[in-house]
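Structure first, then comments.
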Amino acid sequence: MSATETSPLAGKSFLKLKDFTGEEINYLIDLAADLKEKKKVGIPHRYMEGQNVALLFEKPSTRTRCAFTVACVDLGAHPEYLGKNDIQFGKKESIRDTAIVLGRMFDGIEFRGFDQSTVEALSEYSGVPVWNGLTNEFHPTQILADFLTIKENIGHLKGVTLVYVGDGRNNMGNSLLIGGAKVGMDIRICSPEQLLPSDEIVNYAKKIAKETDAKVMVTSNIDQAVSGADVLYTDVWVSMGEEDKFKERIELLLPYQVNREMLNKTGNENVMFLHCLPSFHDLETQVGREVYEKFGLTEMEVTDEVFQSENSFVFDEAENRLHTIKAVMAATNGKF
Ligand code: CP
Ligand code: NVA
């Protein structure tokens, strides 16, 4: 890509995958691969020189915050981190008024928090590109990193069988289902009945699948779901903001733990294991130890053996957050 190319996504916000076509998603992934290579060989790519970016975080983050910060610096922009206690934001000033003010000062805004409606309102009122760094409903930048990691290893996305096992109605289940349908995957969500994605999201994915030749399976049957998987994906059983739910989730999700037996059931010895992270795969965390004391589990959504195995690409996936977030910022900002 040349330095004078104008992005087809210039001026657009990145709020949810519903707003993008499969071609646009692939475009962002390929741009990310290009920017990853540029960084590796030391070719400058300061496409946002002199610009300022607001990073709003209502919820904690390691990867997303660091990826946005480093991406800003690599692109020549200044990142300004604003945590939940740093600005009024809905407490003493409406989201609309805050959005207008931020839009007068910043060239782009990242938001991580609870309600999807907040990130949508920021986009509506700020007049600058807004990027969703995770809401209760969606985690769209994560999907770009996941798909780049798959493309790097399998070579393409269309027809790839990706099985997400776990809490199917959380931000990751929703986003993988929609993203998989958009790019023409064989996308399968495998969860207990109580945690299946909503009818609205499943019906939307099925409608998209008709246009893209994707396949959509939503089931509680593990054997049926994982058979023939190219990629096995899981996420935490308890998402940020629902920390009182460990007991019920452990009861529901223990049979859905990704372990060696489940990998064997795929029939694919090279099946890729992915996880957005952070993950409870050992007792090296405070929360992991608390869960062990209360419920006796030493690992939750994935065993340490699988997490550390050759099937696991989780740290490539984490690194790819940087390159894909950089691509989203550069592409929606305009020229690169
Ligand atoms: N995967 C992900 O979003 O990680 P963080 O919560 O650390 O940003
Ligand atoms: N579902 C998880 C994803 C973390 C990246 C959460 O929302 O906490």
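Side chains are part of it too, since the values below use all heavy atoms of this structure and drop only hydrogens, waters and symmetry mates. Residue numbers run from 1 in the order of the sequence given. Note that the structure is a prediction, hence the values are computed from the model and not measured. Indexing begins at 1, ligand by ligand and atom by atom, following the structure's order.
For ligand 1 and Cys276, the ligand atoms under 4.0 Å from any heavy atom of the residue are 1 (N). When each atom of ligand 2 is checked for a heavy atom of Asn171 under 4.0 Å away, the hits are 1 (N), 2 (C), 3 (C), 6 (C), 7 (O). Taking every non-hydrogen atom of Ser239 and a distance limit under 4.0 Å, the qualifying atoms of ligand 2 come out as 1 (N), 2 (C), 6 (C), 7 (O), 8 (O). Within ligand 2, the atoms closer than 4.0 Å to a non-hydrogen atom of Asn170 are 1 (N), numbered from 1 in the order shown. Each of the following atoms of ligand 1 lies closer than 4.0 Å to a heavy atom of Arg112: 2 (C), 3 (O), 5 (P), 6 (O), 8 (O). The distance from ligand 2 to the heavy atoms of Asp235 drops below 4.0 Å at these ligand atoms: 1 (N), 2 (C), 3 (C). In the vicinity of Thr62, heavy-atom distances shorter than 4.0 Å reach the ligand 1 atoms 5 (P), 7 (O), 8 (O). Residue-ligand proximity, Gln142 to ligand 1, at heavy-atom distances under 4.0 Å covers atoms 1 (N), 2 (C), 3 (O). Counting the atoms of ligand 2 from 1 in the order shown, those under 4.0 Å from a heavy atom of Leu277 are 5 (C).
Partner His275 forms a side chain to side chain contact (heavy atoms under 4.5 Å, CB included) with one of Val314, Asp146, Val306 and no other, that one being Val314. Paired with Phe138 under the rule side chain to side chain contact (heavy atoms under 4.5 Å, CB included), one option of Ile178, Leu15, Leu17 passes, and it is Ile178. Just one of Ile222, Leu195, Thr234 meets the side chain to side chain contact (heavy atoms under 4.5 Å, CB included) condition when paired with Tyr256; it is Ile222.
Judged by the 6.0 Å and 45° rule, Lys59 forms a cation-pi pair with Phe114.
Side-chain contact between Asp282 and Phe307: absent, with no pair of heavy atoms (C-beta onward) separated by less than 4.5 Å. With contacts defined as side-chain heavy-atom distances shorter than 4.5 Å, the pair Met329/Tyr47 does not qualify. No side-chain heavy atom of Leu134 sits under 4.5 Å from any side-chain heavy atom of Ser61. Side-chain contact between Leu274 and Phe313: present, with at least one pair of heavy atoms (C-beta onward) separated by less than 4.5 Å.
Residue Leu134 touches ligand 2 through its side chain alone, judged by heavy-atom distances below 4.0 Å. In Leu134, neither the side chain nor the backbone holds a heavy atom less than 4.0 Å from any atom of ligand 1.
Of the protein's non-hydrogen atoms, the one nearest atom 2 (C) of ligand 1 is Arg321 NH1, 3.2 Å. Of the protein's heavy atoms, Met240 N, 2.8 Å lies nearest to atom 8 (O) of ligand 2.
Checked against a 3.5 angstrom limit, the closest N/O atoms of Pro278 and ligand 1 fall outside it. Residue contacts with ligand 1: Leu277 is placed with a nitrogen or oxygen under 3.5 Å of a nitrogen or oxygen of the ligand (distance criterion only).
Contact between Lys59 and ligand 1 is absent, with no heavy atom of the residue lying under 4.0 Å from the ligand. For the ligand labelled ligand 2, residue Asp167 lies outside the 4.0 Å heavy-atom shell.
Salt-bridge annotation for Lys18 and Glu200: present, with a side-chain N of the basic residue lying under 4.0 Å from a carboxylate O of the acidic one. Salt bridge Glu319/Lys39: absent, no basic N to carboxylate O contact under 4.0 Å.
In the candidate list Glu317, His139, Arg65, Arg63, His139 is nearest to atom 3 (O) of ligand 1, counting heavy atoms.
Other residues, nucleotides and ligands contribute more than 12 heavy atoms inside 6.0 Å of the NZ atom of Lys158.
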